[in-house]
Amino acid sequence: MGMRRFDGPSDLHLHSLHSDGTESPAQVMQAAHRYGLRTAALTDHDTTSGWAEAAEAATSLGMTFLPGMEMSAKHEWRSVHVLAYLIDPDDAALRAMTERVRASRLDRARTMAGRIGRDYDLDWDDILAQTSDGATVGRPHIADALVAKGHVRDRTEAFASILSPRGDYYVALFAPDPVTAVSLIAGAGGVPIVAHPAGRAGVLPEPLMTRMLDAGLAGFELGHRENLGPGIRALQRIVDEHDLLVTGSSDYHGLGKPNLPGENTTADDMVERIIERATGSAPVYP
Ligand code: AMP
Ligand code: FE
Ligand code: FE
Ligand code: ZN
């Protein structure tokens, strides 16, 4: 109370070209500012390399910057994303894991490119041409290469066809199980929140969620365009029961997705609770 130094509206989930967004961290913060946000996080997949540029850009625009990351995890066959706010970016255990995931993503993209290249005019250089130096590679970069080669119209069409997990070209990536991801984030002083937890795959099984909560899970990103009503209601009951955190965010990817900054926002008291709970790093104030 009385200690608040940030202002809303707050959008806590945005991507830059340090992963699969299409804009630099500074451009992402400029977009957030244009859409009326006062606090914004950068949450690139499995990397914190965009933080310094984003912090500088955000604060020069009078915004508060909240450092974040979206960590890849996997439960059986399905991909689970855990948002990691205010982690210590130098935590050795967390870094070792994200480096391993990023290396696996690179191998996997190469393998997928090889498989696709048997049927389509596409090679590894085409994907590299769509990937900025040091970025966390993902299917979106392969999608951009397929667009550049004229095989599909946009990322959406690529994901629905050539890049589909049900197709012949798909290769899984290595990622930790969600309990390990949550423990690593909590161990790095961060605040773990499950991203888009009520999407088409449905909510995670309750026993797994209990183990994630025991490992330090803080809450759920209930405000996200991919969440569906029944899942949101099921998770809201768990939130109420355990007094968990709830966030809302855009998951902006620049031109890579239709999602726009501020289309979902996080309540001020929730941002405050994230900041109070974290010990790994701090927001950067204007
Ligand atoms: P990957 O982690 O490499 O398997 O790719 C998943 C990433 O692709 C997610 O982070 C999403 O941001 C992005 N993605 C998933 N589906 C789509 C889509 N239909 N259009 C654009 N991007 C997508
Ligand atoms: Fe993404
Ligand atoms: Fe995600
Ligand atoms: Zn995301």
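Indexing begins at 1, ligand by ligand and atom by atom, following the structure's order.
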Considering only N, O or S atoms, which atom of H15 is nearest to the Zn ion (ligand 4)? NE2
Atom pairs and distances, side-chain donor-acceptor, residues 208-222, under 3.5 Å, sequence neighbours left out:
residue: T210; atom: OG1; partner: E206; partner atom: O; Å: 3.0
residue: E221; atom: OE1; partner: H196; partner atom: N; Å: 2.7
residue: E221; atom: OE2; partner: H13; partner atom: ND1; Å: 2.7

Does R100 count as lying over the ring of F174, i.e. NZ or CZ under 6.0 Å from the six-ring centre, within 45 degrees of the axis? yes
To make sure I understand the geometry: which N, O or S atom in E70 is closest to the Zn ion (ligand 4)? OE1
Determine whether the side chains of D126 and Q130 contain a donor N or O and an acceptor N or O closer than 3.5 Å. no
Is H15 close enough that one of its N/O/S atoms sits under 2.8 Å from the Fe ion (ligand 2)? no
What's the separation between atom OG1 in T180 and atom NZ in K74, rounded to the nearest 0.5 Å? 12.5 Å
Please determine whether a side-chain nitrogen of the Lys or Arg among E276 and R273 lies less than 4.0 Å from a carboxylate oxygen of the Asp or Glu. no
Measure from the Zn ion (ligand 4) to each N, O or S atom of H45 and report whether any distance is below 2.8 Å. no
Side chain to side chain donor-acceptor pair (under 3.5 Å) between S49 and T47, worked out: CA-CA 6 Å; S49 59; T47 185; 3.0 Å; yes
What atom name does the N, O or S atom of D20 nearest to the Fe ion (ligand 2) carry? OD2
Check this for me: does any side-chain nitrogen of one of D46 and R102 sit under 4.0 Å from a carboxylate oxygen of the other? no
Which atom, among the N/O/S set of D251, is closest to the Zn ion (ligand 4)? OD1
Using a cut-off of 6.0 Å, state whether more than 12 heavy atoms not belonging to L106 lie near its atom CG. yes
Closer than 2.8 Å to the Zn ion (ligand 4): does that hold for any N, O or S atom in H13? yes
Parallel, tilted or perpendicular: ring planes of W51 versus F65, cut at 30 and 60 degrees: perpendicular
Using 2.8 Å as the cut-off, note every protein N, O or S atom close to the Fe ion (ligand 3). E70 OE2, H81 ND1, H196 NE2
